[in-house]
Amino acid sequence: MQTRLNTSRIRAAHRVIDPVFLDTPLYRCEALEPALGCTVSIKLETANPVRSFKGRGTEVLASRLAEHGPRAVVCASAGNLGQALAWSGRGRGLDVTVVASRFATAAKLDRIRALGAKLVLVDGDHEMARERAAAIARHDGIRLVEDSLDIETCEGAATIGLELVDTVPSFDTVLIALGGGALATGVGHVVKASAPEVEVICVQPQGAPAMTRSWHGRRVVTTDSTDTIADGVAGRCPIPAVLDDLLVVADDAVLVQEASIIAGMRMLLDHAGLVVEPSAALGIAALLEDRDRFAGRHVVTIVCGSNVDMDAYHRWVGR
């Protein structure tokens with residue numbers, strides 16, 4: 001099984017990540033099960049200082065940059081990567097610039113500023129932010145951090161997979177939010193290496209289907225726009241190397257409707273006491289849309305972030 005990822009490097013990554021991001025809660029959530037018709041375990045990647053899984057990857061990246069330079073970095077972010085890189089960089093004396101859309105979730109932008117990063121806003125979407133970040137890196141001669149392309153972001157996320165296969169006695173399926181692909185390729189790589197019989201299913205919104213279409217077509221498919229509340233996974237232009245990795249480790253990639261994402265957020269609030277951002281409810285949305293497929297299985301879903309604009313959240317789920 002050939003991907004860009006390396007299991008020994010992933011185990012080494014586990015040793016350099018701040019323990020505050022590691023060994024996140026993993027538990028069976030029986031309250032969800034009557035409505036979903038299967039056994040559901042939650043891997044909770046929100047219980048950390050940046051409230052998303054991204055801190056695992058930025059810890060690996062920042063630790064290597066602190067050792068070998070350069071000290072200045074720039075990334076494009078919908079919000080979560082930027083927070084994580086700002087947090088990891090602050091602890092290691094790195095100069096962090098984050099480029100984001102001015103339409104990004106305000107709470108995410110506020111936290112990036114609060115963590116000491118320089119924030120540059122663009123008038124377009126995440127793909128425009130990626131272009132601006134690359135231009136800044138060229139102009140200023142600093143390191144461009146590209147989520148999912150930089151292997152550290154994938155191998156940091158892959159440490160979640162280590163914790164899954166080392167902890168859960170037996171599960172049949174893992175549902176993984178699919179955006180740029182770091183989480184899906186990272187966790188998928190470890191799961192397939194350790195428990196190849198487990199089905200790795202990626203989940204994306206119908207309003208941001210580029211990576212899913214690419215996986216099904218086995219070639220990069222781009223879209224002209226996105227239309228989803230799941231801002232954390234709303235990319236239009238998949239990275240070829242990441243798609244290649246995903247083709248090796250994923251068994252399926254599915255698209256879900258916005259109504260199902262909102263229903264999933266509401267279920268996680270009502271039955272698990274969890275406030276999550278839309279991207280984090282994609283796994284529950286997939287279960288809601290295809291109960292027959294998952295009936296009787298033991299499914300693990302990774303709740304990957306909880307950085308959400310609370311006014312929008314209340315509008316979606318109801319006060």
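Being a predicted model, the structure only gives us computed values, none of them experimental. When a residue number appears, it is its place in the shown sequence, counting from 1. Quick note: numbers below take in every heavy atom, side chains included, and nothing from hydrogens, waters or symmetry partners.
Contact of the Leu144 side chain with the Arg138 side chain is not registered, since no non-hydrogen atoms from C-beta on lie closer than 4.5 Å. At least one side-chain heavy atom of Leu32 sits less than 4.5 Å from a side-chain heavy atom of Ile42. Between Glu33 and Thr39 there is a side-chain heavy-atom pair separated by less than 4.5 Å.
Judged by distance alone, with hydrogens and angles left aside, the side-chain atoms of Thr58 form a donor-acceptor pair with the main-chain N or O of Gly55 at under 3.5 Å. For Ser77 (side chain) and Gly82 (main-chain N/O), a donor-acceptor pair under 3.5 Å exists by modelled atom type. Glu127 contributes a side-chain N or O that, together with a main-chain N or O of Arg236, makes up a donor-acceptor pair within less than 3.5 Å. The closest donor-acceptor contact from the side chain of Arg297 to the backbone of Arg293 lies under 3.5 Å. A donor-acceptor contact shorter than 3.5 Å links the side chain of Glu59 to the backbone of Asp18. Distance alone, capped at 3.5 Å, places no donor-acceptor pair between the Glu277 side chain and the Gly232 backbone. Of the possible polar contacts, one joining the Asn48 side chain to the Ser52 backbone as a donor-acceptor pair under 3.5 Å is found. Looking only at distances, a side-chain donor or acceptor of Thr167 sits under 3.5 Å from a matching main-chain atom of Glu163. A donor-acceptor pair is defined here as one N or O able to donate and one able to accept, closer than 3.5 Å; such a pair exists between the side chain of Asp172 and the backbone of His298.
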What's the verdict on salt bridge (Lys or Arg N to Asp or Glu O under 4.0 Å) for Arg143 and Asp150, showing C-alpha distance, side-chain angles and the deciding distance?
CA-CA 11 Å; Arg143 167 69 188 269; Asp150 281 315; 3.0 Å; yes
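Of the candidates Arg51, Arg56, Lys54, Arg56 is the only one forming a salt bridge (charged side-chain N to carboxylate O under 4.0 Å, His left out) with Glu45. Of the candidates Asp245, Val248, Val200, Ile10, His189 forms a side chain to side chain contact (heavy atoms under 4.5 Å, CB included) with just one, namely Ile10. Just one residue in the list Pro209, Ser214, Pro238 forms a side chain to side chain contact (heavy atoms under 4.5 Å, CB included) with Val221, and that residue is Ser214. Of the residues listed (Arg4, Arg9, Arg11, His14), the one engaging Glu155 in a side chain to side chain donor-acceptor pair (under 3.5 Å) is Arg9, and it is the only one. Under the side chain to side chain contact (heavy atoms under 4.5 Å, CB included) test applied with Ile284, the options Ile261, Leu175, Leu268 reduce to a single match, Leu268.
Across Thr226 and Ala208, no two heavy atoms sit closer than the pair CG2-CB, 4.0 Å. Of all the heavy atoms in Leu121 and Ser101, the pair that sits closest is CD2-O, 4.1 Å. Scanning all heavy atoms of the two residues, the minimum distance from Cys154 to Ser148 falls at SG-O, 3.2 Å. Across all non-hydrogen atoms, the minimal contact from Gly179 to Gln204 is O-NE2, 3.9 Å. In this structure, Thr46 and Val303 approach most closely via the heavy-atom pair CG2-O, 3.9 Å. Smallest separation of non-hydrogen atoms from Ala158 and Leu5: CB-CD2, 4.3 Å.
Judged by distance alone, the side chains of Lys43 and Thr301 never bring a donor and an acceptor atom under 3.5 Å apart.
Distance OG1/Thr24 to CG/Leu26: 7.5 Å, rounded to 0.5 Å. Rounding to the nearest 0.5 Å gives a distance of 10.0 Å between CG of Leu162 and CG of Asp23. Separation of atoms SG (Cys38) and CZ (Phe171) is listed at 14.0 Å; rounding is to 0.5 Å.
Val145 and Ile136 end up in different hydrophobic clusters when Ile, Leu, Val, Met, Phe, Trp and Tyr side chains are linked at under 4.5 Å. A continuous path of Ile, Leu, Val, Met, Phe, Trp and Tyr side chains, each step under 4.5 Å between heavy atoms, connects Trp316 with Leu269, placing both in one hydrophobic cluster. Using a 4.5 Å cut-off between side-chain heavy atoms of Ile, Leu, Val, Met, Phe, Trp and Tyr, with links allowed through other members, Phe294 and Leu255 fall into different hydrophobic clusters. A chain of hydrophobic side-chain contacts below 4.5 Å, direct or via other Ile, Leu, Val, Met, Phe, Trp or Tyr residues, connects Val99 to Met128. Hydrophobic clustering of Ile, Leu, Val, Met, Phe, Trp and Tyr side chains at less than 4.5 Å, counting indirect connections, unites Val198 with Ile302.
The side-chain hydrogen bond (donor to acceptor under 3.5 Å, both in side chains) search around Thr228 returns Glu258, not counting sequence neighbours. Annotation: side-chain hydrogen bond (donor to acceptor under 3.5 Å, both in side chains) contacts of Arg111 (sequence neighbours excluded): none. When the side-chain contact (heavy atoms from CB on, under 4.5 Å) test is applied to Ala76, the partners found at least two apart in sequence or on another chain are His126, Ala129, Arg130, Ala133.
Taking Ile, Leu, Val, Met, Phe, Trp and Tyr as members and joining any whose side-chain heavy atoms lie under 4.5 Å apart, directly or through other members, the hydrophobic cluster of Leu115 also contains Val16, Ile17, Val20, Phe21, Leu22, Val50, Val60, Trp87.
Between Lys192 and Glu199 there is no salt bridge, since no side-chain nitrogen of the basic residue lies less than 4.0 Å from a carboxylate oxygen of the acidic one.
Counting non-hydrogen atoms of other residues, nucleotides and ligands closer than 6.0 Å to CZ of Arg132 gives a total of 12 or fewer.
Applying the salt bridge (charged side-chain N to carboxylate O under 4.0 Å, His left out) test to pairs two or more places apart or on separate chains, those with a residue in residues 97-106 are Arg102-Asp123. Counting only residues at least two apart or in different chains, salt bridge (charged side-chain N to carboxylate O under 4.0 Å, His left out) contacts with residues 204-233 comprise Lys108-Asp231.
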